[in-house]
Amino acid sequence: MLSKAHPRYESLVLRDKIVKASKEGILADSAMIAHGRGEAFDYLLGEKTTLPAKRAMYVTVAAMILSKNPVISVNGNTTALAIDEIIEFAKVIGAKIEINLFYRSDERVKKITELYKSHGYPEILGSLDDEIMYINEIKNPRASASKSGIYSADTILVPLEDGDRAEILSRSGKNIITIDLNPLSRTSKMSDVSIVDNVVRAIPFMTKIAGDLLTQDKELLKEIIEDFDNKTNLEESLKLIKEDIK
Ligand code: ATP
């Protein structure tokens, strides 16, 4: 039993969730390594949501509200860490959720599908009985996507994406938004909007923002998007890390 008094309690709770999900067969073998890399960057960011991350989240919510077919892509890690928060955000913002696994196996897809169903979300895309297509006809598992989900989406929120896949998505002309604690990753650099924050903080924060932005004029949402520059915003995240180290 973890003690709330432990100075690293929050971080240990997340580790616990990852270990549990791994035992349940929801995660790929490399998932713990990915989590560890995320932990290291979160440590450098002071384990808090920074101003550049908040700015990127306002842009994300605005873009998702203005999109015709926004999709949230989920893998084992995001599911293990924030399944209920993702379902809530998808409902508030009117987005679909799609299972998108780097190491896709029928067994893990089935388990993750069942998990979403048991959390009250039976309409998950990317499941075994869903129609799978290939983005830009690239016959590579990295380019596979649900026909009514990522394949036809205009805006895709992809937490913890890998660089190869982010590149394919980015070349497809879709609006790609990532949540990645590493501002230096290929994914962060290739995305249109990069939220350098932990998924466990970012998703609930965006649900809150949505409550506000859904009541705003569309012209204001467009302005929020137009004023944003991802490269500058990523540089600001890096600057914060450097200042923290000093
Ligand atoms: P890339 O191919 O984009 O350069 P990578 O090979 O470093 O990325 P992967 O192992 O594919 O990355 O994915 C893990 C990424 O997810 C890492 O960049 C890590 O910082 C990030 N990450 C891990 N856990 C979290 C989390 N809880 N919230 C946000 N990002 C996370």
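Start at 1 and go down the list; that is how both ligands and their atoms are numbered.
- Counting the atoms of ligand 1 from 1 in the order shown, those under 4.0 Å from a heavy atom of Gly38 are 19 (C), 20 (O), 22 (N), 23 (C), 24 (N).
- Between Leu181 and ligand 1, an N or O atom pair is found at a separation short of 3.5 Å.
- At a threshold of 4.5 Å between side-chain heavy atoms, the hydrophobic network of Ile, Leu, Val, Met, Phe, Trp and Tyr places Ile72 and Met206 in one connected group.
- Atom-to-atom distance recorded for Ile168:CD1 and Ile135:CD1 is 7.0 Å, nearest 0.5 angstrom.
- Residue Ile177 is grouped with residue Ile179 when hydrophobic side chains (ILVMFWY) are merged at heavy-atom distances under 4.5 angstrom, including chains of intermediate members.
- Listed by number with element, the atoms of ligand 1 under 4.0 angstrom from any heavy atom of Thr187 are 1 (P), 3 (O).
- For ligand 1, the polar-atom distance check finds no N/O of His35 at less than 3.5 Å from any of the ligand's N/O atoms.
- Residue contacts with ligand 1: Asp180 is included, with a non-hydrogen atom under 4.0 Å away.
- Judged as a salt bridge (Lys or Arg N to Asp or Glu O under 4.0 Å), the pairs with a partner in residues 51-77 (not counting sequence neighbours) are, in order, Arg55-Glu236.
- Under a 4.5 Å side-chain heavy-atom cut-off, the cluster of Ile, Leu, Val, Met, Phe, Trp and Tyr residues that includes Tyr43 has no other member.
- Polar contact with ligand 1: present for Arg186 (N/O pair, distance under 3.5 Å).
- If you check which protein heavy atom lies closest to atom 6 (O) of ligand 1, you get Arg37 NH2, 3.5 Å.
- A salt bridge between Glu47 and Arg8 is present, with a side-chain N of the basic residue lying under 4.0 Å from a carboxylate O of the acidic one.
- Annotation for ligand 1: atoms under 4.0 Å from non-hydrogen atoms of Asp197 are 28 (N), 29 (C).
- Protein heavy atoms are found inside the 4.0 Å sphere centred on atom 18 (O) of ligand 1.
- If you check which protein heavy atom lies closest to atom 23 (C) of ligand 1, you get Ala34 O, 3.1 Å.
- Judged purely by distance below 3.5 Å, without hydrogens or angles, the side chains of Ser146 and Asp130 pair a donor atom with an acceptor atom.
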